[in-house]
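Positions are given from 1, in the same order as the sequence printed here.
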Amino acid sequence: MSPLTSAFSRFSQWRKSLDLPNPGTVENLQKEVKSTHLTNFMFDGARADLTKSLSMNPAFQVTHSFILGSQVSTPSYNFGAVFANNNMFLQGSVDHEGNVSARMNQGWAENSITKIQTQLSSQAGHSMIQLEHDYQGQDYSLNAKAVNPWPADLTGIYIGNYFQSVTKNLALGVETLYQRPTPDMSEFTTSYLAKVTSDDKNWIATAQVQPSGILQATYWQKLHEKVEVAADLQLMVSPQRRDAIATLGAKYDLRMATFRAQLDSTGKVSALLEQRFAPTFAFLVAGEIDHFKNAAKVGVGVMIESSTLTPEEMGMPPQH
């Protein structure tokens with residue numbers, strides 16, 4: 001055994017003896033905050049999502065989605081389908097204008113996943129393809145991503161990140177982005193990441209810094225089994241612009257309902273209630289008031305799920 005191989009083997013054994021946890025992925029760095037805040041759930045106007053399950057193993061379902069009366073988007077219809085088994089996840093959708101989007105996740109092993117996303121649009125510049133691979137080590141995660149890559153002249157967007165647990169509570173990482181929109185134009189940027197997790201995982205703090213003067217810091221805490229709070233701070237400091245946005249949010253899970261509320265420094269106050277009257281029927285009410293612009297938005301929606309499967313096929317006890 002060569003000295004180099006022996007040294008690497010001793011280093012690997014020492015690293016394994018530390019028993020450091022996997023830090024998670026950079027993509028999910030602020031997962032808990034995003035789940036608590038309203039940013040990914042807010043809507044206005046009227047919406048309806050009708051889902052039908054056609055199979056449980058493998059999972060296969062179709063969805064019809066309708067949006068009407070929104071102030072920020074035109075009326076639309078979307079048809080979607082999802083297929084999933086132990087190693088593969090497929091999702092596709094098409095809207096009333098003929099825009100098609102698709103997504104595939106292929107698991108080669110428990111810690112190795114390849115992801116492909118694509119979008120085809122009749123509007124110029126809106127079509128895209130994204131290739132990605134995730135690898136989860138014992139105490140680290142690796143990710144490589146390419147958006148609209150073109151091998152002939154290497155144009156496109158290329159992103160790579162590495163996230164490493166330093167202690168049982170602290171993880172540090174780096175993410176590099178290389179943009180090459182044309183053969184004679186390119187840009188290279190790097191950001192630095194940090195994540196602190198409590199021993200009981202009841203609170204998580206994260207930070208992401210870019211040398212250009214951009215900072216995003218978040219804090220999430222589980223106050224109770226059914227209550228979560230989260231804060232997000234975004235700072236931009238540069239010679240041309242100085243700006244900051246702070247957001248506070250809370251989520252409360254009831255027996256058959258989920259309530260989210262949010263307040264930010266731009267004067268917006270918003271709330272969303274998702275009430276389930278039955279496991280297959282939910283009613284949603286959303287509202288937002290912008291005090292600085294003296295504007296308001298309201299949304300109502302329903303989510304209905306149905307199935308062609310028998311209770312036995314769904315894994316439920318037989319009805320007598």
Please tabulate, for side-chain N and O atoms in residues 19-29, each donor-acceptor pair with protein atoms closer than 3.5 Å (sequence neighbours left out).
unit_1	atom_1	unit_2	atom_2	d
Asn22	OD1	Gly24	N	2.7
Asn22	ND2	Gln136	OE1	3.3
Asn22	ND2	Gly137	O	2.8
Asn22	ND2	Tyr140	O	3.1
Thr25	OG1	Asn28	N	3.2
Thr25	OG1	Asn28	ND2	3.3

For the NZ atom on Lys31, are there more than 12 heavy atoms of other groups (residues, nucleotides or ligands in this structure) within a distance under 6.0 Å? no

For the residue pair Pro149 and Ile129, establish whether any side-chain heavy-atom pair is separated by less than 4.5 Å. yes

Between CD1 of Ile214 and CE of Met236, what distance do you get to the nearest 0.5 Å? 4.0 Å

Partners meeting salt bridge (charged side-chain N to carboxylate O under 4.0 Å, His left out) with Asp264 (sequence neighbours left out): none

Tell me the closest heavy-atom pair linking Met256 and Phe277, and the distance in Å. CE-C, 4.1 Å

Straight-line distance of Asn202 CG to Lys222 NZ, nearest 0.5 Å: 7.0 Å

Test item: Trp203 and Val196 side chains (from C-beta on) under 4.5 Å apart, heavy atoms: yes

Inspect the surroundings of OH in Tyr178 and state if more than 12 heavy atoms from other residues, nucleotides or ligands are less than 6.0 Å away. yes

Looking at Tyr192 and Pro211, what are the two nearest heavy atoms and their distance? CE1-CG, 4.1 Å

Shortest non-hydrogen pair, Pro75 vs His96, comes out as O-CE1, 3.4 Å

Kindly compute the distance separating CG (Asn294) from CD1 (Ile289), expressed to the nearest 0.5 Å. 10.0 Å

Hey, is the main chain of Gln262 close enough, under 3.5 Å, to the side chain of His37 for a donor-acceptor pair? no

If you group Ile, Leu, Val, Met, Phe, Trp and Tyr by side-chain heavy-atom gaps below 4.5 Å, do Val166 and Leu142 land in one group? no

Just checking, any donor-acceptor pair under 3.5 angstrom between side chains of Asp253 and Thr258? yes

pair Thr189-Ser212: side-chain heavy atoms closer than 4.5 Å: no

For the hydrophobic clusters of this structure (ILVMFWY residues joined by side-chain heavy atoms under 4.5 Å, transitively), does one cluster hold both Tyr158 and Phe188? yes

Candidate list His291, Glu288, Lys297, test side chain to side chain contact (heavy atoms under 4.5 Å, CB included), partner Lys268, passing option: Glu288

Please tell me whether Val269 and Leu284 are part of a single hydrophobic cluster in this structure, the criterion being side-chain heavy atoms less than 4.5 Å apart. no

salt_bridge(Glu305, Arg276) N-O dist < 4.0 Å: yes

Value rounded to 0.5 Å, distance of CG in Asn87 from CD1 in Ile113: 10.0 Å

Looking only at heavy atoms, the pair that brings Gln91 and Val82 closest together is CG-CG2, 3.9 Å

Please verify the inter-ring angle class for Tyr77 with His64; under 30° counts as parallel, over 60° as perpendicular, anything in between as tilted. parallel

Leu90-Phe79 co-clustered via ILVMFWY side chain contacts under 4.5 Å: yes

Would you please name every residue forming a side chain to side chain donor-acceptor pair (under 3.5 Å) with Asp290, sequence neighbours left out? none

Any luck finding a side-chain donor-acceptor pair between Asp200 and Ser198 under 3.5 Å? yes

State, to 0.1 Å, how close Ser191 and Gln210 come at their nearest heavy-atom pair, and which atoms those are. CB-CG, 3.6 Å

Between the NZ atom in Lys226 and the CG atom in Leu254, the distance rounded to the nearest 0.5 Å is 7.0 Å

If we check side chain to side chain donor-acceptor pair (under 3.5 Å) with Ser65, which of these qualifies: Asp49, Asn78, Thr51, Asp95? Asp49

For Phe292 and Thr266, work out which heavy atoms get closest and say how close. CD1-O, 2.9 Å

NZ (Lys195) and CD (Gln30) are apart, to the nearest 0.5 Å, by 10.0 Å

Are the side chains of His126 and Gln119 in contact, using a 4.5 Å heavy-atom criterion? yes

